[in-house]
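Notes for the one structure printed next.
Side-chain atoms are counted along with the backbone in the values below, which use heavy atoms only and exclude waters and symmetry mates.
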Amino acid sequence: ARRQEDIQLRHPLVKRRHEVAFRLQQHCDTHADRRQRGDQDGYGHAQAPADHPSGQKLEPAEHEALLLAQINSRDFEARSPDEISAFLNAYAALGGERAVPLLDRLWRSKLFDSHPRPVRIAAVRALASIPSPLALSGLREAVKSGGAQLEREAERALQEALARQQGRPQ
């Protein structure tokens, strides 16, 4: 199952890759929702939903490995903004607080190692979906980052995250 999904995620047609990434994001969001509600198996692990994008069941660690392989691939930054967002949101939903360091690194701008704007904005949005103080701290730093568009997106994401944390609708 992992091999089949890996091949689909590398498909030459952008539309197909985007479709698989979107289904994977939906699957990871469902898994994260179950984890937050406390739906667990007899071993204290969050139960994985049965409707996996490839029709097969994968462990959360396998999903995470697939997502990381795509995020760290050479062509990741050249993909469509929707595809980038789908991967980063799926990684945030599945990894939770473990995803914060990678997402934090992706939005930051360095002198010789800056990521394209769509990657940086998608990373900020994905950070907002993680309910943790570490993610909020990263968003607060992004608000002061110096790039006007990124600052606006970070401010919006921070407000959504704070509203979600306080139980208010966004």
Side-chain angles (χ1 to χ4, degrees), residues 1-108 113 115-116 118-139 141-142 157 160-161 164-165:
R2 180 179 176 170
R3 178 75 179 135
Q4 177 187 5
E5 191 166 74
D6 192 40
I7 290 170
Q8 290 176 350
L9 289 170
R10 295 172 193 254
H11 198 280
L13 294 176
V14 172
K15 183 177 179 180
R16 179 68 183 142
R17 285 195 322 256
H18 179 68
E19 178 183 307
V20 173
F22 182 73
R23 287 192 335 234
L24 188 58
Q25 177 187 350
Q26 288 178 317
H27 176 73
C28 292
D29 287 346
T30 302
H31 181 75
D33 290 344
R34 287 183 179 196
R35 186 175 57 211
Q36 285 178 344
R37 284 195 319 259
D39 296 350
Q40 298 181 345
D41 60 15
Y43 301 101
H45 299 99
Q47 292 180 345
D51 57 345
H52 181 270
S54 68
Q56 305 284 330
K57 285 190 177 185
L58 293 180
E59 294 297 318
E62 292 177 303
H63 279 293
E64 201 168 327
L66 279 171
L67 290 168
L68 280 173
Q70 293 300 311
I71 293 168
N72 292 325
S73 70
R74 288 182 179 190
D75 70 335
F76 182 71
E77 294 179 348
R79 296 179 183 192
S80 74
D82 289 339
E83 193 174 351
I84 290 168
S85 276
F87 278 113
L88 295 182
N89 287 331
Y91 183 63
L94 189 62
E97 195 157 349
R98 284 190 321 272
V100 172
L102 174 68
L103 295 171
D104 199 50
R105 181 176 52 83
L106 288 174
W107 75 257
R108 292 185 186 275
D113 187 28
H115 297 283
V119 173
R120 297 176 73 206
I121 290 172
V124 164
R125 289 178 182 161
L127 262 179
S129 69
I130 301 172
S132 84
L134 190 59
L136 288 175
S137 174
L139 287 172
E141 287 182 41
E160 288 174 9
R164 196 176 314 113
Q165 189 178 43

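- The side-chain contact (heavy atoms from CB on, under 4.5 Å) test applied to Ala135 returns Val100, Leu127, Ile130, Ser132, not counting sequence neighbours.
- Interatomic distance, His115 NE2 to Trp107 CH2, rounded to the nearest 0.5 Å: 11.5 Å.
- Nearest heavy atoms, Ala92 versus Ala126: CB-O, 3.6 Å.
- A donor-acceptor pair is defined here as one N or O able to donate and one able to accept, closer than 3.5 Å; such a pair exists between the side chain of Arg164 and the backbone of Ala128.
- With sequence neighbours excluded, the residues forming a salt bridge (Lys or Arg N to Asp or Glu O under 4.0 Å) with Glu141 are Arg108, listed by chain and number.
- In terms of heavy atoms, Val119 sits closest to Leu88 at O-CD1, 4.0 Å.
- Distance alone, capped at 3.5 Å, places no donor-acceptor pair between the Ser85 side chain and the Asp82 backbone.
- Rounding to the nearest 0.5 Å places CD of Gln70 at 7.5 Å from CG of Asp75.
- Between the CG atom of Leu67 and the OH atom of Tyr91 there is a distance of 8.5 Å, given to the nearest 0.5 Å.
- Atom CZ of Arg120 and atom CD1 of Ile84 lie 13.0 Å apart (nearest 0.5 Å).
- Contact between Glu64 and Leu94 at its shortest, heavy atoms only, is N-CD2, 3.4 Å.
- Closest approach of Leu106 to Ala123, counting heavy atoms only: CB-CB, 3.8 Å.
- The shortest distance between side-chain heavy atoms of Leu102 and Arg105 falls below 4.5 Å.
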